[in-house]
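Just so you know, ligand 1 is whichever comes first in the structure, and atom 1 is the first atom listed for that ligand.
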Amino acid sequence: MQVPLIRLQCGVNSYEWGKKGSDSAAARFAAATPSDDLSIQSDKPYAELWMGTHPSNPSKDVNTGRTLLDLCSENQLLLSQSVAAKYGAKLPFLFKVLSINKALSIQAHPNKKLAEQLHARDPKNYPDDNHKPEMAIAITPFEGLCGFRPLDEIAHFLETVKPLRTLVGEEEAAQFVQAAKQEGGDEAAKKKALQKAFGGLMSSSPEDVDRETANLVELAKTEGETFAAGGVSSTKGAVLAELVTRLHGQFGSDIGIFVLFFLNFVTLQPGEALFLVADDIHAYVSGDIVECMAASDNVVRAGLTPKFKDVSTLVDMLTYNYAPIDQQKMTPTDYPYATLNRAGYSSGSSVLLYDPPIDEFSVVRTLLRGDGAKATFEPLEGPSIIICTSGKGTIAVGPTKHEMKEGYVFFVGSTAELVLESTGGQDDEFITYKAFCEI
Ligand SMILES: NNC(=O)[C@@H](O)[C@H](O)[C@H](O)COP(=O)(O)O
Ligand SMILES: [Zn+2]
């Protein structure tokens, strides 16, 4: 059987936070594959390119217009017997490119059990019954809020940022600071104190949020470097002051601005990655990323968004894990099942594996530098989706070969031996990201 290499036409979602027009990588990548239902409008935000079989925006075979979901339903061998047996006749992952101009919502994604309950209770706002652990890999420099800060950092802000302390509540803040400062101590009690302080913040009245936002922005503008008593080692006062004024400029008075003091502020350079388990609180702030997740679109939101917010569900569902951000970042490793040719080795090409601790997906980033650099991948017992984010080259499966340029997306069926080759000349970097599932 000829293992298929299917060129995909992928849809792009226009959420308010997306970059506008051709500034958006998601828009540029979608437009790289001609289709009559996409013409990029310069003043329209383009947030997410979706690559996969999720019914909310299924990718299509460029030649036939048929959805990948239909093709996989008709021929489960595309997925491999083992993957289809475990996940059904669809991709276990959803692969995306996000192009972020404004902050995304303060959010978390439900674990499997909660997703089933939310979907049954409110299918409009929770469109499927799946969990949504996710990984982000920076294409350009990225900023995000991910996971709760170490408790001593939150304690510092509760003691030095009066508008924050006022919204959390004097008693809750004092109890939290006392629990945070206890050496060793009971982990469960610390998480309870964190949940109480965070819940106190998130239950603030709109009037209080309006009043304290104005006070907070005033302090950020006047104190600059010394804002929040100079901040903490991971996030200096000047950085926080700039973030407060930036988010206020984007959203006006919003409880999400105060969440800055509870969450780690992370910056990723291109190629760096982070992984978020289900129920981990986060909000991406800026940059272009490749994102891969279990196949779900369930988002529980609580701030920095015009969309449906479900604050009590978010406060109840969180893990209240807290840790320095380095524990959330992921370090890629050399991918052992691909071989570079001599041109590839000598030009410093690389094939890196991002392998999160879940079954639904992993991602391989291939960078081929200079003419003739080539990477040969051993066959996989499972499906892949691959996108080119820069440069140009070719992709081949057996005798079938296609050119690849920025924005081109292909589905690669199970058990295919894949070959990528750069054709862009000495200074070109042919970069692709391949999401795959193999059991
Ligand atoms: N962390 N990233 C994600 O979860 C994306 O896959 C989601 O689609 C976005 O969170 C959606 O963000 P809004 O709900 O529009 O604020
Ligand atoms: Zn998310």
In the protein, what heavy atom is nearest to [atom], and what distance, to one decimal place, separates them?
{"atom": "atom 14 (O) of ligand 1", "answer": "R301 NE, 2.4 Å"}
{"atom": "atom 4 (O) of ligand 1", "answer": "K132 NZ, 2.6 Å"}
{"atom": "atom 1 (N) of ligand 1", "answer": "E134 OE2, 2.7 Å"}

Hey, is [X] close enough to [Y] for a salt bridge, meaning N to O under 4.0 Å?
{"X": "R211", "Y": "E207", "result": "no"}
{"X": "R246", "Y": "E143", "result": "yes"}
{"X": "R28", "Y": "D23", "result": "no"}
{"X": "K19", "Y": "D288", "result": "yes"}

Quiz item: Sequence neighbours excluded, which residues qualify as salt bridge (charged side-chain N to carboxylate O under 4.0 Å, His left out) partners of E48?
Solution: K96

Quiz prompt | Pairing residues for R369 by the salt bridge (charged side-chain N to carboxylate O under 4.0 Å, His left out) criterion, not counting sequence neighbours | solution = E429

Should [X] be counted as touching ligand 1, given the test is an N or O pair under 3.5 Å?
{"X": "Y15", "value": "no"}
{"X": "H109", "value": "yes"}
{"X": "D297", "value": "no"}

Quiz item: Relative to the Zn ion (ligand 2), which of the N, O or S atoms in E134 is the closest?
Solution: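 Minimum-distance N/O/S atom of E134 relative to the Zn ion (ligand 2) is OE2.
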
In terms of atom number and element, which parts of ligand 1 are under 4.0 angstrom from non-hydrogen atoms of [X]?
{"X": "K307", "value": "13 (P), 14 (O), 15 (O)"}
{"X": "S105", "value": "13 (P), 14 (O), 16 (O)"}
{"X": "H282", "value": "1 (N)"}
{"X": "K96", "value": "5 (C), 6 (O), 7 (C), 8 (O)"}

Quiz prompt | Qualifying residue for side chain to side chain contact (heavy atoms under 4.5 Å, CB included) with T319, from I281, D279, N111 | solution =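 Single pass found, and it is D279.
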
Quiz item: To which of E291, E48, M293, M135 does the heavy atom nearest atom 9 (C) of ligand 1 belong?
Solution: E48

Quiz item: Nearest non-hydrogen atom to atom 13 (P) of ligand 1 belongs to which of Y284, W50, W17, F308?
Solution: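 That would be W17.
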
Practice problem: Show your working on side-chain hydrogen bond (donor to acceptor under 3.5 Å, both in side chains) between D310 and Y126 and close with a plain yes or no. | Solution: CA-CA 11 Å; D310 193 351; Y126 299 105; 2.6 Å; yes

Quiz item: What pair of heavy atoms forms the shortest contact from A323 to N264, and how long is it?
Solution: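 Heavy atoms of A323 and N264 come nearest at O-ND2, 2.9 Å.
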
Quiz item: Has Q107 got an N/O/S atom less than 2.8 Å from the Zn ion (ligand 2)?
Solution: yes

